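Below: one structure, written as structure tokens.
In each ligand, atom 1 is the first atom listed, and ligand 1 is the first ligand listed. In this text the structure is predicted, and so the values were computed from the model without any measurement.
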Amino acid sequence: MDGPPGGSTPITPVIKAGWLDKNPPQGSYIYQKRWVRLDTDHLRYFDSNKDAYSKRFISVACISHVAAIGDQKFEVITNNRTFAFRAESDVERKEWMQALQQAMAEQRARARLSSAYLLGVPGSEQPDRAGSLELRGFKNKLYVAVVGDKVQLYKNLEEYHLGIGITFIDMSVGNVKEVDRRSFDLTTPYRIFSFSADSELEKEQWLEAMQGAIAEALSTSEVAERIWAAAPNRFCADCGAPQPDWASINLCVVICKRCAGEHRGLGAGVSKVRSLKMDRKVWTETLIELFLQLGNGAGNRFWAANVPPSEALQPSSSPSTRRCHLEAKYREGKYRRYHPLFGNQEELDKALCAAVTTTDLAETQALLGCGAGINCFSGDPEAPTPLALAEQAGQTLQMEFLRNNRTTEVPRLDSMKPLEKHYSVVLPTVSHSGFLYKTASAGKLLQDRRAREEFSRRWCVLGDGVLSYFENERAVTPNGEIRASEIVCLAVPPPDTHGFEHTFEVYTEGERLYLFGLESAEQAHEWVKCIAKAFVPPLAEDLLARDFERLGRLPYKAGLSLQRAQEGWFSLSGSELRAVFPDGPCEEPLQLRKLQELSIQGDSENQVLVLVERRRTLYIQGERRLDFMGWLGAIQKAAASMGDTLSEQQLGDSDIPVIVYRCVDYITQCGLTSEGIYRKCGQTSKTQRLLESLRQDARSVHLKEGEQHVDDVSSALKRFLRDLPDGLFTRAQRLTWLEASEIEDEEEKVSRYRELLVRLPPVNRATVKALISHLYCVQCFSDTNQMNVHNLAIVFGPTLFQTDGQDYKAGRVVEDLINHYVVVFSVDEEELRKQREEITAIVKMRVAGTASGTQHAGDFICTVYLEEKKAETEQHIKIPASMTAEELTLEILDRRNVGIREKDYWTCFEVNEREEAERPLHFAEKVLPILHGLGTDSHLVVKKHQAMEAMLLYLASRVGDTKHGMMKFREDRSLLGLGLPSGGFHDRYFILNSSCLRLYKEVRSHRPEKEWPVKSLKVYLGVKKKLRPPTCWGFTVVHETEKHEKQQWYLCCDTQMELREWFATFLFVQHDGLVWPSEPSRVSRAVPEVRLGSVSLIPLRGSENEMRRSVAAFTADPLSLLRNV
Ligand SMILES: [Zn+2]
């Protein structure tokens, strides 16, 4: 151990230390050698210089006199005790006496500044706790005081008052531990003090007080020392207690712990309380400087200019006296020095604008305290506010002062309206207080119910951007704090989730979850509202307009900004997810139940929640695990069907419940010709199971032929409709529908149905239409399925109206609706034609399929266009899993009766409208996987591949199977390939061989910068024009990683020929040299009778000319284009 252990802290440096002989007690003449140490506050003596704890200490403030008494001896005299010491020499004695006298003088000088001195309580710092305790090793109980960061031991109460003690323990090295019911240990590295209290309760109180002392000791006192450098700051601005280590940063005064407690009670609108020792971050150089310049001196010259002696505070004043005084002083401004301009708002404002440009901080303080408007208009548009003026003038201290007082209320005397006084609650921007029940914070989601016993009652104060919780309403130091800026999410579990009826969860950046509970719904609601207001920035305050189950910020990617995640604000209420993005307009809420996709991607470390709505995709990133998991669960839950009514189901695009859509779609594809469809019943157990899974998450159920029997599906649909608590036609309106069926005049009846239809809730209306439309299709095939309109009506009447089948009216309504389907639902002809065509195609294919015995499970019907995308060219076709692009192409040409001539390179293209790019499918490629990956803005077109001949020629004539050369390159990295890349095109050197495409910075580079496995690349012709490709001969390379992440590169060639060569090489290496099927299979086809006009350009968005260049340049040369027009 180096140096003297224990006790010496930076605040109390040792003035003098050394060996002295001390006379023993009771006047014995045998002197004992003692190690004696003097610091500013105490004279102590120890058995040896190795000891940490003294045998005795004498408070310097209690020493009345020091006198020499011969024989190198001197006496230290206190009120009623004298201590005699003997030095080794006269010089030594003189030095000791001088040191003591100087310490006493300094002590007195300090005390004089304190009003405590006037009261004759020298050096008294109010203890946090004092009383008798047993200490092992001592016969009698000791008197123990916890003062600041020290635990002081006295022989008894009398000595405590005399300021003469045994020793004190600096709690910076202390630790307290419970031992048993009444005992506890105070352990230090040098010694263990074993105490016993009189009762368990007392033991608890001692533990708490000592823990407080530890906290205080560990807090840094550097700020305090600097602020105390200004003499008035060494004593509480309000009561005069010494060494005040709290402050009000807006009032700019230093105060003691007791006054700080009352300041806090005034609310942050009056006083913003901070600790000099604990709120380390608050104390910037500027703020410290401000306290040195203003501080207690200037503060009291203004705030305490007229305090009547009867109303003055003392360090020992009672809490209620303190509260009254502080209310009068700061909230009412009762004692303030009135500014000469008081009452003249305009002049006050003017004066403030002038003052802030000077160094006269006291004037600013006085003006603000007398009502000058902190946000008044200065008249100068360049610097419209006092703050702006101060900034312009370079007055940083003025700026700091103004900033801290932004939300300070102007004091006002309430003497005129005494009744109001007690009810005027200070509500600055957000402040709230009250008792809350709180559990210990958790590091993971709360899966199970928290019992009532797990909550503890805490006094909670929200104010000034901090939610603090205290042991009770009297406590000064909070048990803990949550800074609003650290709150990332606020969630409100459903009532009765935990032992308290109403609860809310607060998630912090540090991945902690705090659970609070309350009995009263209103109080819980109020707390949630206040906390939300405290942590949501103005930008997202729209989210506060309605109630929410969850609110917070999350990193996201969306829209055009997929490059890097940004932080957005989200709120979830019901199945609506609202979002506010920092740089976007307020978006429409996402309807979670209408999502097309809801999935989690990425690994467990780096999860991304993907939400796909019709036109939007949103990625929410799980950077912080805890709140992300909370959101994940909540969003998944909200996206599921919520309840029993139709509109509470997962909904499809056109507001039809996914569950209905799935079944209808399946029957359309597989059951239209099934005999007795809808009349026959499925197997009860299978139907039941299917319905259950559909109810749980219809979006994820994919019905497959072979796995599900049509009758099971039809029964599930009927059961679902029959069990709807409110029914498809709603309970309220059911009767009017039945009555309508009795109207005799047909026309009148139909118009009545139309009327009633409008009255249905939107989801019900859409569902009725979809269902009747479906039944209309079913009856079209009554020849095979035996289900004519009447039969369907018999089945569906009771199902939809939930009757027992006796009431013929229900059936009649259904019959009428099917018969008058076109009129009742205003179906336009085009729609009807399309629908007929589609089902005809389906049935035809099914018939063909059964005939040839090649029925495949999971067949998919899709629309393919011939030559270009328009209504007349669309063709519905069923795609079996085995179908290749070649087969599809031939099938379409066949259906459209298009003959194939020599050198007609008919090919199926995957056209991506948004990317303004297209990809000719390789003839052997399977179509089904492509269809599944096709975005909504992509489609398939069968047309001639104009460049194929040139490519085949090139491939036949070249040497080797690699290609290299310069191209212009641009990169795009983003999830799923959405969004725009940054940066432009740059010249790069490429080498393409049978395994890889390699990119080099330049021709001479040795190492490739990038390298892609060629077989996993998809090459599209064309580059979206937004990227401003430098030439019109560009292509887009898409690489899908194993994690289904799409990366895109854009490459541009200088000439059309080059583009064709690169593309041909890609085809060649990707398909092992098989670029085109052998001719005979095609030529054998019929010679054309009718031709469908010429080759046309793919209809793409944007300016036609540009697209012509970027896409068409490849497929056709200008001359052939002209010829075809
Ligand atoms: Zn005080």
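- For residues 311-326, the pairs satisfying salt bridge (Lys or Arg N to Asp or Glu O under 4.0 Å) are E262-R323, E311-K334, with sequence neighbours left out.
- The stretch residues 236-246 participates, sequence neighbours left out, in these salt bridge (Lys or Arg N to Asp or Glu O under 4.0 Å) pairs: D238-K329, D245-K277.
- Around CD of Q102, the count of heavy atoms belonging to other residues, nucleotides or ligands within 6.0 Å does not exceed 12.
- Around the Zn ion (ligand 1), the protein contributes the following N, O or S atoms at distances under 2.8 Å: C236 SG, C239 SG, C256 SG, C259 SG.
- Evaluation of the side chain to side chain contact (heavy atoms under 4.5 Å, CB included) rule for A237 yields V253, I255, N296, N300 as partners, not counting sequence neighbours.
- In this structure, R129 contributes its side chain and A145 its backbone to no donor-acceptor pair below 3.5 Å.
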Exercise. What do the steps show when you test Y53 against T188 for side-chain hydrogen bond (donor to acceptor under 3.5 Å, both in side chains), and what is the final call?
Worked result: CA-CA 11 Å; Y53 300 108; T188 74; 3.2 Å; yes
